[in-house]
Protein chains: 2
Amino acid sequence: MSSRRREVPEDERAWLRTYDPTGFAPFGVTVDVVLLTVRPDEAGTGPGRFSVLLVERDTHPFRGDLALPGGFVQPAEDLDAAAVRRLEQELRVRPGDHPGVHVEQLGAFGRPERDPRMRVVSVPYLVFAPDLPAPVPGGRTRWVGWVPVEDVDAGRLAFDHDQVLAAGLERARAKLEYTPLAAAFCPDEFTVADLRKVYEAVWGTALDPRNFHRKVTGTPGFLVPVGRPAPVGPGGGRPAALFRRGPATTLHPAMLRAARGRPT
Amino acid sequence: MSSRRREVPEDERAWLRTYDPTGFAPFGVTVDVVLLTVRPDEAGTGPGRFSVLLVERDTHPFRGDLALPGGFVQPAEDLDAAAVRRLEQELRVRPGDHPGVHVEQLGAFGRPERDPRMRVVSVPYLVFAPDLPAPVPGGRTRWVGWVPVEDVDAGRLAFDHDQVLAAGLERARAKLEYTPLAAAFCPDEFTVADLRKVYEAVWGTALDPRNFHRKVTGTPGFLVPVGRPAPVGPGGGRPAALFRRGPATTLHPAMLRAARGRPT
DNA sequence: CGAATAGTGTCTCTCAGACAATATTGC
DNA sequence: GCAATATTGTCTGAGAGACACTATTCG
């Protein structure tokens, strides 16, 4: 993570002592968190609801609107650290404790007019988490909660968070294809059916349980069997085997959601 | 691109009139350009050299070191616009003129100590360009030139540009798999062999010309035949057909560089 | 003609998708 | 037993990789 040690030449040190940083245009820098999860269906039988954590803003600008949780980066704070801090504030979860939680930077959004207060560049972070306890509103929010992504009205989020969310969803859907990150939406131990419901919820498509089973158990490094069965569900049926996340970071071959051989 | 029109409530307008933006920590924001191309081999027979445009800095900090071209974003300038401006300055090429040139944001780099002057967040852009005329040094650089990526000494670039370049290379290699962007490294009209040399240079692997030909010509939307042959090369041989970029934005099925069915 | 490069045909193996069949539970 | 879910097996077709073979040019 840290960059190389560098011998700073004396003339550069001298130059730096006289350098005036106020000559450059000052920007605000924020982090926003696109925290995604898959929450069980009401009945518990369906594929689950792909949901995002939103807050209702209690301060200007966009007071009263829904928004992604976020905030300004501190002067000496790393971007990733700011995102994790915001995550802890909103959810009382720190990624270090939950090894399943996945955090990944999503890019930078910096349209000049995106914040009415001043020039602000936002660096959103994409987070995959298993179904977690209900969040509690923090100091500056009226309300916090999970919203199924298909219930988020286009154009109703504060700032440019519609675009940020859209970018996060697209990235999440793509990541499930070639990484084992679907398991980041599952608890520590999970069944193949749990994992399949994640794919179905995120992609919005039904998958054949039999082919899915053969596929994921046959992909090296994806799943590690626990050797113990899960408790039987409410509808009865043969108990499923439990698995944990395997060591793989990419999937070979990938899980393909789409369109093999379709025209453009 | 532009966000929704929003009715700004009167109380927010009033609040905004009294808002003091100097309360937040000021950051500098820069763009850096990871401009990649594939330049012909010395002999013209090999796969070509995958190269990046680097500048030698003529100002502090890191004076005398190699770096990616970049600079501060102007107060009212969009991030993408700043990257394009920097590109034009360095290469006298504007992406609009060259429809082949591909520009894509690569993320945000913001370690607190990455710039000794002040807190700076950099937003690098990845650019794919065909082999272009030699660039000319601008005002603040001693030297500009193409450097084959394998000749870039690890740890020798200014700031954290090693990490930025590494991220750009990884992204470029991945993009060639599932998008038709390899053609962005080719001139307007090109042969299948030209395209294959791009893949070989970027991935650093040899590809079977016969399977490659069948693959790319059979992928819908990838290539559009011009209906005219290219001039015969120096070594003789049957003249190759010319193609242009097709309308596809993603490839189905993807070009796979790697490892089908290999263990993790 | 021979060398060189372009392009096609064929074979095999892997893998995705469809779906039959078997296994194991609760009722 | 019956319903429900889990897991395995079998078949088919698409496509990747190996590589023989044909096509077209230059010298």
Side-chain angles (χ1 to χ4, degrees), chain A residues 41 43-47 177-178 189-197 199-200 203 205-220 222-223 225-243 251-263, chain B residues 41 43-47 177-178 189-197 199-200 203 205-220 222-223 225-243 251-263:
Chain A
D41 203 350
T45 166
E177 289 198 64
Y178 59 93
E189 297 183 345
F190 54 90
T191 68
V192 171
D194 294 334
L195 190 65
R196 177 169 46 84
K197 284 173 186 164
Y199 277 93
E200 292 179 333
W203 287 349
T205 57
L207 298 173
D208 185 301
R210 300 161 292 183
N211 290 335
F212 183 85
H213 188 283
R214 183 160 35 78
K215 179 69 187 281
V216 294
T217 54
T219 299
F222 195 172
L223 300 182
V226 170
R228 192 158 35 80
V232 175
R238 172 173 170 178
L242 284 171
F243 294 86
L251 300 181
H252 289 285
M255 308 284 304
L256 294 179
R257 78 185 126 151
R260 293 178 71 82
R262 272 198 216 149
Chain B
D41 203 349
T45 167
E177 289 198 64
Y178 58 94
E189 296 183 345
F190 53 90
T191 68
V192 172
D194 294 335
L195 190 65
R196 178 169 47 83
K197 285 173 186 164
Y199 277 93
E200 291 179 333
W203 286 349
T205 56
L207 298 173
D208 185 302
R210 300 160 293 181
N211 290 335
F212 183 85
H213 187 284
R214 182 160 35 79
K215 179 67 187 283
V216 296
T217 54
T219 298
F222 196 173
L223 299 181
V226 171
R228 193 159 34 81
V232 175
R238 171 174 171 178
L242 284 172
F243 294 86
L251 300 181
H252 288 285
M255 308 284 302
L256 294 179
R257 75 184 127 152
R260 293 178 71 82
R262 271 197 216 152

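Numbered from 1 within each chain, the chains take letters A, B, ... in sequence-line order. Keep in mind the model is a prediction, meaning the values are calculated, not measured.
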Residue-phosphate contact under 4.0 Å: Lys215(B) side-chain N/O, dG15(D) OP1/OP2: no

Counting only side-chain nitrogens and oxygens, does His213(A) get under 4.0 Å of the OP1 or OP2 atom of dT7(D)? yes

Whole angstrom value for the distance that separates [atom2] of [N] from [atom1] of [X]:
X	N	atom1	atom2	result
Phe212(A)	dG9(D)	CZ	C1'	19 Å
Asp194(A)	dT5(D)	CG	C1'	13 Å
Leu223(A)	dT7(D)	CG	P	11 Å
Arg257(B)	dA16(D)	CZ	P	16 Å
Phe190(B)	dA6(C)	CZ	C1'	16 Å
Glu177(B)	dA16(D)	CD	P	12 Å
Arg196(B)	dT5(C)	CZ	P	10 Å
Phe243(B)	dA6(C)	CZ	C1'	10 Å

I need a per-nucleotide contact map over nucleotides 19-27 of chain D, read 5' to 3'. Cutoff is protein heavy atoms under 4.0 Å; write B for the base, S for backbone only, - otherwise. BB--BBBS-

Between Phe190(A) and Phe243(A), is the gap from one ring center to the other below 6.0 Å?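 No, too far apart.
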
Please examine the side chains of [Y] and [X], heavy atoms only from C-beta on, and report whether any two atoms are closer than 4.5 Å.
X	Y	value
Met255(A)	Phe212(A)	yes
Tyr178(B)	Glu177(A)	no
Lys215(B)	Pro253(B)	yes

From His213(A), Glu200(A), Lys197(A), residue fulfilling side chain to side chain contact (heavy atoms under 4.5 Å, CB included) relative to Leu207(A): Glu200(A)

Return the OG1 to CZ distance between Thr217(A) and Phe222(A), rounded to the nearest 0.5 Å.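 Reported value, rounded in 0.5 Å steps: 10.5 Å.
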
